[in-house]
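Written below as structure tokens is the structure these notes are about.
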Amino acid sequence: MRRPRRNRKNSAIRDLVREHEVTVKDLIYPLFLTGGSKVRTEIVSMPGIARFSEDLLLKEIEECMKLGLKIFAPFPNIEEASKDKYATLSYDRNNIYLKAIKKIKKEFPEAILMTDVAMDPYSSDGHDGIVENGEILNDETIDVLGKMALAQADAGADIIGPSDMMDGRIGALRQILDEAGFEKVSIMAYTAKYASAFYGPFRDALNSAPKAGDKKTYQMDPANQAEALIEAELDYLEGADFLMVKPALAYLDVIKLLYDNFEVPIAAYNVSGEYAMVKAAAQNGWLDGEKAMLESLTCIKRAGAKVILSYFAKEFAQLNNSR
Ligand code: PBG
């Protein structure tokens, strides 16, 4: 009789037959930067995650690197008074973000930085693009994204992560970077980024929620799968080095779809709301947070994501080091 349970009979055998295993090398750790010094503000909706001023962010990165993490994705929390309609601060070389990127690369050249290309942290409208009469302008937004990407590359970004979902931005950014001599800067495209309720805690962290309307005219409809192939084909042809699906857990079918159809590495963003759900339930004693974290990350990898952006990265690395 064929007895599948034989391959599960003890942990050594289970280890032997295990098909997918997450390691720290698969993970990118998103971090939140804020102004000032000696500032560490907990984000209430993301227990264990904080906004750091540059000095403390450097310490945090150092600590994470000792745990084996190498790749970080910082996002800036910008004060409301500095935001405007055109996100002009985003490419001002004296902004807190570009200064911090420069500083991190100087202190830790071996830390790999993925920077965020989108207007929302700097936009007084809280949108990823320029808003005019309630509409999000596409090509005008790309002009801003181009300046932002160049400034980030110049500050030392290793990978740029356009998280905006404007049409044609991967090709435009690739060309702008290449022409400026930044042909070695990679692009991780937010390819299938859905208009998701699971971004709520992230918008708390950055105070970046849209002031009016929603993001449904640029982010994808959660009901759609085939459309992800169109986005992926465009991003691939336009030169993306990685294709990302976001969020991760409710979109494992989309991860698998891109994995089956494209040769470039697939990334998944295990977003703030996915993190918050596990943390909230664990704090209430409703589930085992550590096991839920490991299971979530493993299943995202099983679906086909080689790269996982996750707020669990540090906790995962700590756990890995203690075992
Ligand atoms: C916006 C952006 C968002 C996230 C990353 N970049 C939110 C949004 O589109 O409103 C979400 C990340 C998360 O929830 O962890 N450019």
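Both backbone and side-chain heavy atoms feed into the values below; hydrogens, waters and symmetry mates do not. Every number for a ligand or one of its atoms is a count from 1 in the order of the listing.
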Check this for me, if you would: do [X] and [Y] make a salt bridge, where the nitrogen-to-carboxylate-oxygen distance has to be below 4.0 angstrom?
X	Y	value
Asp260	Lys256	yes
Asp125	Lys83	no
Glu238	Arg169	no

According to a hydrophobic-cluster definition based on side-chain heavy atoms being under 4.5 Å apart (Ile, Leu, Val, Met, Phe, Trp, Tyr only), do Phe198 and Leu287 belong together?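 Linked within one cluster.
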So if I count the atoms of ligand 1 from 1 in the order they appear, which ones are less than 4.0 Å from some heavy atom of [X]?
X	answer
Arg203	8 (C), 9 (O), 10 (O)
Ala118	16 (N)
Tyr269	12 (C), 15 (O)
Lys246	2 (C), 3 (C), 4 (C), 5 (C), 6 (N), 11 (C), 12 (C)
Asp120	1 (C), 2 (C), 16 (N)
Asp128	1 (C), 16 (N)
Gln219	8 (C), 9 (O)

Is there a polar contact between ligand 1 and Ser272, counting only N or O atoms under 3.5 Å apart?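 Ser272 vs ligand 1: N/O contact under 3.5 Å present.
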Could you say whether the N/O atoms of Asp116 and ligand 1 ever approach to under 3.5 Å?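 The answer is no, given that Asp116 and ligand 1 share no N or O pair closer than 3.5 Å.
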Under a plain distance cut-off of 3.5 Å, with no hydrogens placed, do Asp55 and Ser37 share a side-chain donor-acceptor pair?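 Judged by distance alone, the side chains do not pair up.
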Say whether Asp253 and Gln225, considering side chains only, have a donor N or O and an acceptor N or O under 3.5 Å apart.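 Judged by distance alone, the side chains do pair up.
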Taking the six-membered ring of Tyr199 as reference, does the cationic atom of Lys246 (NZ for Lys, CZ for Arg) lie under 6.0 Å from its centre and within 45° of its axis?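 Yes.
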Quick one: nearest non-hydrogen protein atom to atom 8 (C) of ligand 1, plus distance?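 Checked against all protein heavy atoms, atom 8 (C) of ligand 1 sits closest to Lys215 NZ, 3.3 Å.
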Quick one, Tyr97 with Phe75, criterion ring pair (Phe, Tyr, Trp, His ring centres under 6.0 Å). Give me CA distance, side-chain angles, the key distance, then yes/no. CA-CA 8 Å; Tyr97 192 59; Phe75 292 90; 7.8 Å; no
Given the rule in the ring pair (Phe, Tyr, Trp, His ring centres under 6.0 Å) test, do Phe312 and Tyr275 qualify, once you have shown the distances and angles that lead to the verdict? CA-CA 7 Å; Phe312 284 118; Tyr275 176 84; 4.7 Å; yes
So is Lys193 touching ligand 1 or not, going by heavy atoms under 4.0 Å?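 Checking ligand 1 against Lys193, which is what was asked, there is a heavy-atom contact under 4.0 Å.
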Heavy atom of Glu274 under 4.0 Å from ligand 1?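 Contact check Glu274 vs ligand 1: negative.
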Check each heavy atom of Val271 against ligand 1 and say whether those closer than 4.0 Å belong to the side chain, the backbone, both or neither.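 Both backbone and side chain.
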Structural part of Tyr311 in contact with ligand 1, heavy atom criterion under 4.0 angstrom: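 Only the side chain of Tyr311 comes within reach of ligand 1.
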